[in-house]
Asker: 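Below you'll find the structure I mean.
Every chain is numbered from 1, with letters handed out A, B, ... down the list of sequences. All values derive from a computational prediction rather than experimental measurement.
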There are 2 protein chains.
Amino acid sequence: MNESNQQASLFTAIADVQRRKILAILKEQELSVADIKSHFDFSGATLSHHLSILKKAELVRVRRQGQQRIYTLNLSVAEELLLIMKQLFNRENDEIE
Amino acid sequence: MNESNQQASLFTAIADVQRRKILAILKEQELSVADIKSHFDFSGATLSHHLSILKKAELVRVRRQGQQRIYTLNLSVAEELLLIMKQLFNRENDEIE
DNA sequence: TAGATAATTAGATGATAATCTAAATATATG
DNA sequence: CATATATTTAGATTATCATCTAATTATCTA
């Protein structure tokens, strides 16, 4: 009945508009930090901060490519979040499609 | 392409664990403020604050019943939120089931 | 109509969170 | 190996948010 930390970190991750924008960008293609940065006005440090929160929630994954780090949307966790959202609103004993 | 205030207020509304708990309680049945309060430790003022944020997002509706106010989950906005979430993660040109 | 009950609003406080600049780390390359 | 480039980390600042107590508003009932 209690909410897990994992669940809480997911809601925290999507609570910020800039992070939602990052997710929306990453759903189209994987990108380096610099490429993500080109969509925003704030500093690289701020972007790093947002990415770390998305990573903590496991909504994104990173891999190294030379000096760059390539961020990708983690679709399975995105799916999981959608499921959690459905459960938030659908009655316990309702059909699950 | 820009996110609406309505959309932002939805994500703000579900960002707090107590408000998610309120929604989870209301999905089962409509309740007066006092009845909702019985599930929590915080003050009535704090509950009022949370309810006002849920109202602003239109995730809940209120009606008067004598001295009490009865809160209900607004299912259509809940559905809308689910749709917004799906769009956040699904590529623009993917099938919509 | 006075007092009781239900809920909200006002105003203050402490905790989180978003952002910045500067410094640090890691990798690539001349 | 020294320097440039990409990104993260540290530490500070400011803004937002959750919470509280006290006061207010609205309704009911004796």
Asker: Can you check side-chain contact (heavy atoms from CB on, under 4.5 Å) on Leu26(B) and Ile36(B), steps first, answer last?
Answerer: CA-CA 8 Å; Leu26(B) 288 179; Ile36(B) 298 170; 4.1 Å; yes
Asker: Is the side chain of Asn74(A) donor-acceptor paired with the backbone N or O of Glu58(A) at a distance under 3.5 Å, no angle test?
Answerer: yes
Asker: CD of Gln68(B) versus C1' of dT5(C): gap in Å, rounded?
Answerer: 10 Å
Asker: Grab the N/O contacts between the protein and nucleotides 10-14 of chain C below 3.5 Å, and write none if there aren't any.
Answerer:
none

Asker: When you compare the protein's N or O atoms with those of nucleotides 24-26 of chain C, which come within less than 3.5 Å of each other, and at what distance?
Answerer:
{"residue": "dA26(C)", "atom": "O3'", "partner": "Arg64(A)", "partner atom": "NH2", "Å": "3.4"}

Asker: For Asp35(A) and dA6(D), give me the distance from atom CG to atom P, rounded to whole Å.
Answerer: 10 Å
Asker: Can you tell me which residue pairs pass the salt bridge (Lys or Arg N to Asp or Glu O under 4.0 Å) test with a partner in residues 11-25 of chain B, sequence neighbours excluded?
Answerer: Glu3(A)-Arg20(B)
Asker: Please name all residues satisfying side chain to side chain donor-acceptor pair (under 3.5 Å) with Arg63(B), sequence neighbours left out, ordered by chain then number.
Answerer: Glu30(B)
Asker: Could you tell me whether Gly44(B) contacts a base, only the sugar-phosphate backbone, or nothing, with contacts defined as non-hydrogen atoms closer than 4.0 Å?
Answerer: base
Asker: Under 4.0 Å between a side-chain N/O of Gln18(B) and OP1 or OP2 of dT19(D), yes or no?
Answerer: yes
Asker: Determine: side-chain N/O of Tyr71(B) to OP1/OP2 of dT8(C), distance under 4.0 Å, yes or no.
Answerer: yes
Asker: Just to verify, what does His49(B) make a side chain to side chain donor-acceptor pair (under 3.5 Å) with, not counting sequence neighbours?
Answerer: none
Asker: Quick one, which residues of residues 48-60 of chain B touch DNA chain D with a heavy atom under 4.0 Å?
Answerer: His49(B), His50(B), Ile53(B)
Asker: Which is it for Gln68(B) and Val33(B) under the side-chain contact (heavy atoms from CB on, under 4.5 Å) test, yes or no, and what are the steps along the way?
Answerer: CA-CA 7 Å; Gln68(B) 308 183 93; Val33(B) 174; over 6 Å; no
Asker: Sorted by first residue and then second, give each salt bridge (Lys or Arg N to Asp or Glu O under 4.0 Å) pair with at least one member in residues 35-54 of chain B; sequence neighbours left out.
Answerer: none
Asker: Round to the nearest Å and state the distance from Arg63(B) atom CZ to dT8(C) atom P.
Answerer: 14 Å
Asker: Write down the distance between CZ (Phe40(B)) and P (dT19(D)), rounded to a whole number of angstrom.
Answerer: 10 Å
Asker: Nearest of dA7(C), dC20(C), dA18(D) to any side-chain atom of Thr46(A)?
Answerer: dC20(C)
Asker: So how far is it from Lys86(A) NZ to Leu82(B) CG, rounded to the nearest 0.5 Å?
Answerer: 7.0 Å
Asker: Go through the structure and list residues passing side chain to side chain donor-acceptor pair (under 3.5 Å) with Ser48(A), not counting sequence neighbours.
Answerer: none
Asker: Under the ring pair (Phe, Tyr, Trp, His ring centres under 6.0 Å) test, which residues partner Phe42(A), sequence neighbours left out?
Answerer: Phe40(A), His50(A)
Asker: Between dA7(C) atom C1' and Ile70(B) atom CD1, what is the distance in whole Å?
Answerer: 12 Å
Asker: Rounded to the Å, how far apart are Ile36(A) CD1 and dA6(D) P?
Answerer: 14 Å
Asker: Does the side-chain contact (heavy atoms from CB on, under 4.5 Å) test come out yes or no for Ile70(B) and Leu31(B), once each step is laid out?
Answerer: CA-CA 5 Å; Ile70(B) 310 295; Leu31(B) 289 172; over 6 Å; no
Asker: Does Asp41(A) or Gln65(A) map to a spot on DNA chain C nearer the 5' end, using the closest nucleotide for each?
Answerer: Asp41(A)
Asker: Can Leu47(B) and Ile22(B) be said to form a side-chain contact (heavy atoms from CB on, under 4.5 Å), step by step?
Answerer: CA-CA 9 Å; Leu47(B) 177 54; Ile22(B) 292 172; 3.7 Å; yes
Asker: Got a sec? Which of residues 6-17 of chain A come in under 4.0 Å of DNA chain C, heavy atoms?
Answerer: Asp16(A)
Asker: Could I get the full list of side-chain contact (heavy atoms from CB on, under 4.5 Å) partners for Ala57(A), not counting sequence neighbours?
Answerer: Ser9(A), Leu10(A), Ala13(A), Leu59(A)
Asker: Report the distance from atom CD1 of Ile22(A) to atom P of dA18(C), rounded to the nearest whole Å.
Answerer: 11 Å
Asker: The criterion is side chain to side chain donor-acceptor pair (under 3.5 Å); which residues satisfy it with Thr46(A), sequence neighbours excluded?
Answerer: Ser43(A)
